[in-house]
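A quick write-up on the structure given underneath.
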Amino acid sequence: MIEKTVTVKNRAGIHARPAAIIAQTANKFSAEISLAHDDISVNAKSIMGVITMAAGYNTVLKLTADGVDEAEAAAAIEKLFESKFEEE
């Protein structure tokens, strides 16, 4: 299992488009991937789950990946956050 901390760096936060990008990327991997904030943990492969987190600008999330391709999955999701979902 891999755990990383990611920060929402795009000013608009996690809205429909970034949530869709996260879910599409997560679904490319067989690993279980989740995002957590406070007491809420959601499946990163679910667009609705990711949207319901309502993660705004500068929100710190815990990214967890568990499975055979966990390292690649965690790196891919982390890269999305680093690139601000290519919104800015």
Nearest non-hydrogen partners of [X] and [Y], listed with the distance:
| X | Y | answer |
| --- | --- | --- |
| Pro18 | Gly13 | CG-O, 3.8 Å |
| Ala73 | Ala65 | CB-CB, 4.5 Å |
| Ala55 | Val8 | CB-CG2, 4.0 Å |

Any donor-acceptor N/O pair, [X] side chain to [Y] backbone, under 3.5 Å:
| X | Y | answer |
| --- | --- | --- |
| Asn10 | Phe85 | no |
| Asn43 | Lys45 | yes |
| Arg11 | Gly56 | no |

Hydrophobic cluster membership, with links at side-chain heavy-atom distances under 4.5 Å among I/L/V/M/F/W/Y: are Ile40 and Ile33 in one?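 Linked, Ile40 and Ile33 end up in one cluster.
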Quick one: are [X] and [Y] in side-chain contact, heavy atoms under 4.5 Å?
| X | Y | result |
| --- | --- | --- |
| Phe81 | Lys9 | no |
| His37 | Thr59 | yes |
| Glu87 | Arg17 | yes |
| Thr5 | Leu63 | no |

For a quick check under 3.5 Å, do Asp69 and Ser30 share a side-chain donor-acceptor pair by atom type?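 There is such a pair between these side chains.
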In this structure, are over 12 heavy atoms from other groups packed under 6.0 Å from Glu72 atom CD?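 Check passes, neighbour count above 12.
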Side chain to side chain contact (heavy atoms under 4.5 Å, CB included) with Leu35: which of Thr64, Val42, Ile14?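 Exactly one candidate clears the test, Val42.
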Can you tell me how far [atom2] of [Y] sits from [atom1] of [X], rounded to the nearest 0.5 angstrom?
| X | Y | atom1 | atom2 | result |
| --- | --- | --- | --- | --- |
| Met53 | Ile22 | CE | CD1 | 9.0 Å |
| Met1 | Ser34 | CE | OG | 7.5 Å |
| Gln24 | Leu80 | CD | CG | 10.0 Å |
| Ile2 | Ile77 | CD1 | CD1 | 12.5 Å |

